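Comments concern the structure below.
Values below: all heavy atoms of this structure, side chains included; hydrogens, waters and symmetry mates excluded. Remember, predicted model here, so these are calculated numbers, not experimental data. Letters A, B, ... are given to chains in the order of the sequence lines, protein chains preceding strands, and every chain is numbered from 1.
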Number of protein chains: 2
Amino acid sequence: MDYLPTTKQIEYFLSVAEHMSFSKAAEECHVTQSTLSAGIAALETLLGHNLFERAGRTVRLTSLGETAIPEARKMLEHGRNITAMARSKNQPLTGTLKMGIIPTIAPYLLPQLLPNLQKQFPNLSLQLQEEQSGALVELCTKGAVDMILLAFPYEMPNLRQVEMLSEKFFLACPQDRWHKKTASIDDLEGQELLLLEEGHCLREHALAACSFRPKAKKDAFNATSLATLIQFVQHGYGITLLPEMAVNWGNIPKGINIVPFKSPAPQRQVGFAWRKSHPREKEFMLLTKAIKDLLKKAG
Amino acid sequence: MDYLPTTKQIEYFLSVAEHMSFSKAAEECHVTQSTLSAGIAALETLLGHNLFERAGRTVRLTSLGETAIPEARKMLEHGRNITAMARSKNQPLTGTLKMGIIPTIAPYLLPQLLPNLQKQFPNLSLQLQEEQSGALVELCTKGAVDMILLAFPYEMPNLRQVEMLSEKFFLACPQDRWHKKTASIDDLEGQELLLLEEGHCLREHALAACSFRPKAKKDAFNATSLATLIQFVQHGYGITLLPEMAVNWGNIPKGINIVPFKSPAPQRQVGFAWRKSHPREKEFMLLTKAIKDLLKKAG
DNA sequence: TACACTGCATCGAAAAAATCGATATATATA
DNA sequence: TATATATATCGATTTTTTCGATGCAGTGTA
């Protein structure tokens, strides 16, 4: 059991030490002189020694009081640091924010967003992490990241999901393989549909878009990234579905045709998710809104 | 107005942060869980932000909580430093002690005392200052020194006087001037009585010892120190009164006779004085006693 | 799916403390 | 000696802290 001085006692102590007067100190501390006297007395009792020598009209520091001053100052200073740190959090979207993003979004969305976000929230430091949806959901649930950016639908119990945008899929195929202006899901049947490797949600979402089981998955060609997948298509190994952001903001090489689907085009929802209990939820909503607006401008 | 966290709140906070559990922390802090919860809640309200994220069964630090930990630790550490400093004062006669001593005592008593005191109170650091009684009384009264060692009687309002020893005066005269075994005050009449310069209490005490006004003070020879005074005597300029410690522990050169007075010999009292309000008064009594004992042994 | 369990939040009552105003006490000052 | 100034102390009151009991929300289990 280890008794410590009260913050208030230390404040009283320093005030008396500064003014060398109990009454002046009481005034400064906005308490009556009796209260302050009692506070100092309590501290002195706790310490077992006097901090001040009261000699009639004059107050004098004892040697203990003398040596205690620097420690007392530091004690209050660290206390003030804590409140200051808290105050600085009052401006939303400042400080660090750990964000996880899936690989089929990160390379396309980030170049559009980061410069603008940087401008809009100069005191926000985004710590980014690229993982597949499954890993992200786990990281977020256990608190390793604050919020995750991924595609819905995805199973994530206990996380709050907020949709940010809905994007159509496009058909990507070798230039010489397709000449119509639009495509329909049915056109895909019998085609060699290339997919990302197991674990990417885009694989599931693409499959879900097809009412059929694709003819041959050609597992040998399962790509680890969209960029690779596009390479496969370019070299004639098959066709694939690309999300809109990959089409608009990714590098589509020569020799590939991007064909829109007839309405209703297949699509995926993109949005954020975070723990329902996260104390910064309001900031997350704010950030989501800000990004939504940015994307609207970016077209 | 600048509100600071309470010491207790910080203790609670650190305990929860350590155990990542309110209940465990409550146990460690010897309070109920509800008390601890309320304490944390109050701190969070004060800061305007949560320190912990409560997610069902698990508790997680917020970013504010994370960054607040080091500050919180330091805050408590400085508080503990103060109590530790106070505790270390519990051993009496440790630390610094500022002592003033008059010039007619210092050179004779200190060599006898310092080595022994050093041995007896190894953690006591004596800061010595040699001044005349008047200066010492002022220094002590205004708090520049803790205690003073001087000769009584001396006017010192508001200071507590504690006599330590009583010492006889001896007659010091040129060897060829005196051949009796003892002296009496009356023998001094008509002699050239040499005295210390104005301001030394020994001057007054010596004069007081004489029931008469000495024949010629020969102000030209007023000495600034006893050692000088003895030189004067040695060279035949007159006689003087020496306190016992100067006789026993000083250097009495050849050619000087030291003659005791017939009973009742004139004498002076030597002792300490300090402010009545001084918080270390008990230590001073202790030190006085210790020195008394040392002198008894030194004989 | 229902049910008990675990852990934090909340509530009202009781205990502890902090604070105040008034007054006592001590010390300088006139 | 009277007066002014400064701290200590006292009793009453308000405020805060603490507790025990209970509520509530996730978590694990039958």
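- The shortest distance between side-chain heavy atoms of B:M147 and B:E283 does not fall below 4.5 Å.
- Applying the 4.0 Å criterion to OP1 and OP2 of D:dT18, one finds that B:T35 has every side-chain N and O outside that range.
- Checking B:S37 against B:S34 by side-chain atom types alone, no donor-acceptor pair falls below 3.5 Å.
- Here B:R160 pairs with B:E281 in a salt bridge; the nearest charged N to carboxylate O distance falls below 4.0 Å.
- Two residues, B:R54 and A:A42, neighbour DNA chain C, and the one matched to the more 5' nucleotide by heavy-atom proximity is B:R54.
- Each of A:S37 and B:L36 was matched to the nucleotide of DNA chain D holding its nearest heavy atom; the match closer to the 5' end belongs to A:S37.
- Spacing between atom CG of A:L51 and atom P of D:dT7 amounts to 15 Å, rounded to whole angstrom units.
- Comparing C:dG21, D:dT7, C:dC8 by their closest approach to the side chain of B:S23 singles out C:dC8.
- Classification of the A:F52-A:F13 ring pair by plane angle, with boundaries at 30° and 60°, yields tilted.
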Pairs: protein N or O with nucleotides 22-30 of chain C N or O, under 3.5 Å:
from: C:dT27; atom 1: O2; to: A:R57; atom 2: NH2; distance (Å): 3.4

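- A salt bridge links A:E53 with B:R275; the closest basic N to acidic carboxylate O contact falls under 4.0 Å.
- Closest to the side chain of A:F22, from the set C:dC20, C:dA9, D:dA8, is D:dA8.
- Applying the 4.0 Å criterion to OP1 and OP2 of D:dT18, one finds that B:Y12 has a side-chain N or O inside that range.
- With rounding to whole Å, B:Q9 atom CD is found 11 Å from D:dT17 atom C1'.
- For D:dA2, the paired base is C:dT29 (Watson-Crick or G-U wobble, both distances below 3.5 Å).
- Mapping B:M20 and A:A38 onto DNA chain C via the closest heavy atom, the residue that lands nearer the 5' end is B:M20.
- Ion pair B:R54/B:E44 flagged as a salt bridge, since at least one NZ, NE, NH1 or NH2 atom sits closer than 4.0 Å to an Asp/Glu carboxylate oxygen.
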